[in-house]
Structure formats: structure tokens, C-alpha cells
Amino acid sequence: MAELAVGRVALLSIHPRHAEAILAGDKRVELRRVPLAAETTHAVIYATAPVQKVVGWFEIDGIDEASQTSIWRLHGAVSGITRQEHRDYYAGSPRAFAIRIARAHRLGKGLPLTELPDVKRPPQSFQYLDPETVGWLFGNAVYENRVS
């Protein structure tokens, strides 16, 4: 990670099915109802129950904001969900956000949140990590493989 320019890093709570699809390279966007800050360059993946571990991270290629229909047209094929799941997720939301995934990196062994400095509980949707925690995570984690 030292060779990469790092801006803000978000810890995202992601359902295990979607976390695995991201790490396998099948899911190329992470859909959200709330945007990340524009200067966010990386996302750490926290797989929710039953996994309940940090399982990897990905580099962000950019974030698209549009109507839910436009986001589906742009990214539906690589979103990892059905059209109906897309509609249900964005029901009542005036805007949709798609975080484009550049490269995903799988941790060799998942980390419980209790091992991350300054992270007390899983984020409801996401939270930003402080630079010290980011440095610790990227400096101490062992990676199984890198997915392009």
C-alpha cells in the first residue's frame, strides 16, 4: 500500500455475499444511498454477520451520482444484484451512488474489528478511519491475493 496515494479511507459494512463478490472481482461497484466524501480513495470491507470480520479492501476508481435508473443502466451488469433488489434498495431515495472499484485486495485471514485500533463497533453503513488505524491495517495485514 505504501506505493499508493491514500486520501480518506472508509470502513464499509457489506453483506458477506457482496464482500465475496467484490473480492472475487465479480462485483465492480458498491452501491450506496449516501455518498462517500470525494477525497475517499480506499474502502476497507467489513463483512457483516455471520462473518463479522474485515476481509479486505479496495481502491476506489470514482463515485457516480445519478438517479437510481441511471445508476442501474450504467452499472447494473456489474452490481452483483438483481433489478428488483436495486429497486428495493433505492426505494424512496432521490439519488443513487455507485462506488467504482479499481482493484480489490483480500486479507489472508479476516480480522475482527476488536483488532483494529480505535474501531469500537461495526459502522451502520460506513465510517472513516483515522490515519493511524489505516497505517496499522495496511502495514500489519497479510494479503492472500490481489484481484484486478
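The line from OG1 of Thr133 to CG of Leu11 is 10.0 Å long, rounded to the nearest 0.5 Å. Interatomic distance, His18 NE2 to Asp26 CG, rounded to the nearest 0.5 Å: 12.5 Å. Annotation: the span from Lys53 atom NZ to Leu113 atom CG amounts to 11.0 Å, rounded to 0.5 Å. Ile101 contributes atom CD1, which lies 4.0 Å from atom CD1 of Ile22 (distance to the nearest 0.5 angstrom). The CD atom of Glu59 sits 4.5 Å away from the CZ atom of Arg103 when rounded to the nearest 0.5 Å. Note that CG of Leu36 is 10.5 Å distant from OG1 of Thr41, once rounded to the nearest 0.5 Å.
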Tell me which donor-acceptor pairs under 3.5 Å the side chains of residues 117-124 have, and how far apart each pair is, sequence neighbours excluded?
none

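The aromatic rings of His42 and Trp57 lie tilted to each other, with the angle between the two planes from 30° to 60°.
Of all heavy-atom pairs between Gly76 and Ser79, the closest is O-OG, 2.9 Å. For the pair Ile99 and Arg32, the tightest heavy-atom approach, listed with the atom from each and the gap, is CD1-CG, 3.8 Å. Residues Ile45 and Ala19 come closest through the heavy atom pair CG2-CB, 3.6 Å. Nearest heavy-atom pair across Trp72 and Thr82 is CH2-C, 3.6 Å. When all heavy atoms are compared, the tightest approach of Ile63 to Ala37 is CD1-O, 4.3 Å. Shown here for Tyr90 and Leu31, the closest heavy-atom pair between the two residues is OH-CB, 3.3 Å.
Between the side chain of Tyr89 and the main chain of Gln84, no donor-acceptor pair closer than 3.5 Å is present.
Shown here is Glu39, whose CD atom has more than 12 heavy atoms of other residues, nucleotides or ligands within 6.0 Å.
Classification of Arg106 and Glu20 as a salt-bridged pair holds, one side-chain N sitting under 4.0 Å from a carboxylate O.
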Report task. Would you sort out whether Ile81 and Arg17 count as a side chain to side chain contact (heavy atoms under 4.5 Å, CB included), showing the intermediate values? Result -> CA-CA 10 Å; Ile81 62 174; Arg17 168 185 136 200; 3.8 Å; yes
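Arg100 meets the side chain to side chain donor-acceptor pair (under 3.5 Å) test with Asp64; sequence neighbours excluded.
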